[in-house]
Amino acid sequence: MSFIPGQPVTAVVQRIEIRKLRQGEHLILGFSIGGGIDQDPGQNPFSEDKSDKGIYVTRVTPEGPAEVAGLMMGDKVMQVNGWDMTMVTHDQARKRLTKKNEDVVRLLVTRKSLEQAVRHSMM
Amino acid sequence: MPMDRYADMEDKLRILEDLNMMYIRQIALSLQDSDIQKKIDHEIRMRDGACKLLAACSQRDQALEAAKSLLTCNTRIMAYMSELQRMKEAQVMQRVAQRSSDAGPMDDRLPCKGKVAISDLRIPLMWKDTEYFKNKGELHRCAVFCLLQVGGEIHDTDMVMVDRTLTDICFDNTIVFSEASPGFELRVELYSCCSEEDYSAGSTSRKLASKLSSSLGRSAGKKLRVAMDPGACSPTSNGGGATLLLPVPTVAGPKYHLLAHTSLSLSHVQDSFRTHDLSISGNEECPYWVPLYGSMCCRLAAQPHCMTQQMMSGCLKVKQLGGDPQSWTNVYGVLKGTNLFCYHRQEDMEANVEPAFTIAINKETRIRASEKDPHIKAQSICISNQYGGEEVTHTLSADSREETQRWMEAFWQQFYDMSQWKQCCDDLMKIELPSPRKPALVTSKQGSLYHEMVIDTSDDISTVTDILTRRMQELELRSQLGTCPPWMSLFEDSPGGTRTPRLARHSPRSPHRLPHSPLSPLRCPWPGLLSSDASLTSDSDSPCSTSPCFRHHGWAEPLPLSSPSSHFRPRTLSLDAKLSTLRGRGYVGVLQCSCQPPSSSSLAPIPDQCVPQATLSCSSSTSSNGSSEGSHSPSSLDGTPFSRPSSARRSLRNLRAKLDPRNWLQSQV
């Protein structure tokens, strides 16, 4: 999942649709994110390439909307509702996910197991 | 005299309008279709209302909204009129065809209709870097909105104000077209209007008078219509026939111009977001120009009726091939989507019980009518599917020949629909119905880089107080020697002064948290300062960094600062208030913060434990084990009076954490 700046990125992605859950006056998704272009990528425990400044899922609340939708810890979020997530700051990413007027977020995520699965199926 | 001519023209226009309405009514009557008639009437009423509103309103925003409604109404009227004409022409053609008996049996199989929904429209902008970053001069603003049209159905999005602080134009609306055929063409048009022009009545009437000075014949009428720019659907596009000109009423006010357009069709439908190209009309010279990047991102989904509705249902007898010839099962079959659901009884289906079994009907399925089975009276239908590597065949038989025929017809129709709707029939795409919009807080700036980087307003005061408190510390050390700047008195207890120990802040706090005199013993000089300094200075600057008395979990030892003090002069929500509270509770509060359950918004990482360490602050977790989860709740302090962090403190913490490059932030969403 490393990339060369300036070159298009190709990844095998999975579409995940998460319906937000209302808790009091908050709409929650049930996971935590880490990373961003303003963060230190070397501290990301999930990334393969330690220069990857993408947004990663660091934790998934059990039984939360994200887990139900199939999101897994370690996934890299590529796109949220059409907005790119590969080159955003941490705060921008958080804001894209927590828009108050959206009930559903459609993510495109990638993980290593997906690539492997595709490779196996092609063999 | 020009004003007379103007009034004269207005009369003529009104007469023309009446004539047109009569014409329309006649057509509608002859078609015996009063539906369109009603719709046209409704739109004309709306248009009149919009005109009146436009004439009456004084505020720019209202005028823009009214002009938008006007444009939408006009477009709708044009669309209805052209549909009317089309229907009339079709009727005429049909009569002609009926007279000539050449019309053979027409093998008209029409595909089913479906719902088409477009949502999350986003149009990126491409400002010149000089404009964007320098941000100088007046903010040139434009009002934009989108008009979406499928056949005769026209919807408009909300209006968005665009200026150079915006990076993308986002339309939050989800627009659903309920009856679209698979060959639909969704026309998306972006209209914009400069929001600074002066729309005084005088200038408009002059312009109009010059336009109307030539006679309103067919060609001039066409020109006038083009000048008014109603939109895509023009009656003349029907070819031949009369120009159904419904003159647009002359109104003073903002006028929208077509900025860009594109057409989407079935091939663009997908269950995910896609980017499409826009054709841009207009150029930089136009006043309504907005620099578009040239593409549009949206989610276009479709739900054909064959996927969502029951296409056929009835009683059937089903036998699986290879089974006992007598093993016919009586079921109630329902054909919906890519499946034939077989229920034991009809009541089961209505009660939403799981079907007994399901036969797939998709692109891979083969259906044929089989020869007469000696055991059954009527013809039967064989359905073959490939499950895994195996072919499984079910045989269906209905009660009568007609029933069997109807089922075959239904299957053929289903296959036809699936071939027409293509990728929409692979899986059911989700369409969210637009929820009733709450009177939403209008976010005037959306998707703007600047505004996402804006630091909380309360942080501004915090940063100021930080600087001040830091300076106070320096001064404090200096003040031991006797020098004391005049503003230090702010922080001194005014002796003898009674005060309501309450600060006009967000939440009421109990009194005994205000600091004692700032000139308290040196051994604990500025715990408040310590917190403020936390991440801005490195750890070991302040002398008390490792003072263990502040690392105490249990609050057993009363901090000298938290001794109750009741003589403070009344504070207002001001810098003073912030400063004093920060000082008094600053440190304590910050220590407290580590034990707060996280709010749902982005949180600064909270250290797992506040152990007596050399590391100083807890607001920015500088512990080497990196940041902790926002959702962890480290051991909380019972009975602590500081259970509610002020938003200033929280944002202070957030800011610290955000700015500290040693952290790897995690946010709970």
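In what follows, every chain begins at residue 1, and chains take the letters A, B, ... in the order their sequences are listed. Keep in mind that the numbers below use all heavy atoms, side chains included, and drop hydrogens, waters and symmetry copies.
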Problem - CZ-OG distance between Arg106(A) and Ser272(B), expressed to the nearest 0.5 angstrom - result: 10.0 Å

Exercise for the section: Could you tell me which of Lys20(A), Gln23(A), Glu17(A) has the largest number of non-hydrogen atom pairs under 4.5 Å with chain B? Expected result: Glu17(A)

Problem - Separation of Asp38(A) CG from Leu665(B) CG (nearest 0.5 Å) - result: 7.5 Å

Practice task
Taking all non-hydrogen atoms of both residues into account, name the closest pair between Cys297(B) and Gly82(A) and its distance.
Solution key: SG-O, 4.0 Å

Practice task
Please examine the side chains of Thr61(A) and Gln668(B), heavy atoms only from C-beta on, and report whether any two atoms are closer than 4.5 Å.
Solution key: yes

Handout entry: Asp426(B) atom CG, neighbour heavy-atom count above 12 within 6.0 Å
Key = yes

Problem - Polar contact flag, side-chain donor to acceptor under 3.5 angstrom, Asn101(A)-Asp172(B) - result: yes

Fill in the blank from the handout: All heavy atoms of Gly35(A) vs all of Trp664(B), minimum pair found to be N-CZ2, 3.4 Å

Practice task
Mark yes when over 12 heavy atoms from residues, nucleotides or ligands other than Glu364(B) sit less than 6.0 Å from its CD; otherwise mark no.
Solution key: no

Problem - Residues Glu102(A) and Arg299(B) bridged, charged N to O under 4.0 Å - result: no

Problem - Between Asn44(A), Leu29(A), Val104(A), the one whose heavy-atom pairs under 4.5 Å with chain B are most numerous - result: Asn44(A)

Exercise for the section: List the steps and the verdict of side-chain contact (heavy atoms from CB on, under 4.5 Å) for Asp103(A) and Glu432(B). Expected result: CA-CA 9 Å; Asp103(A) 285 335; Glu432(B) 275 96 28; over 6 Å; no

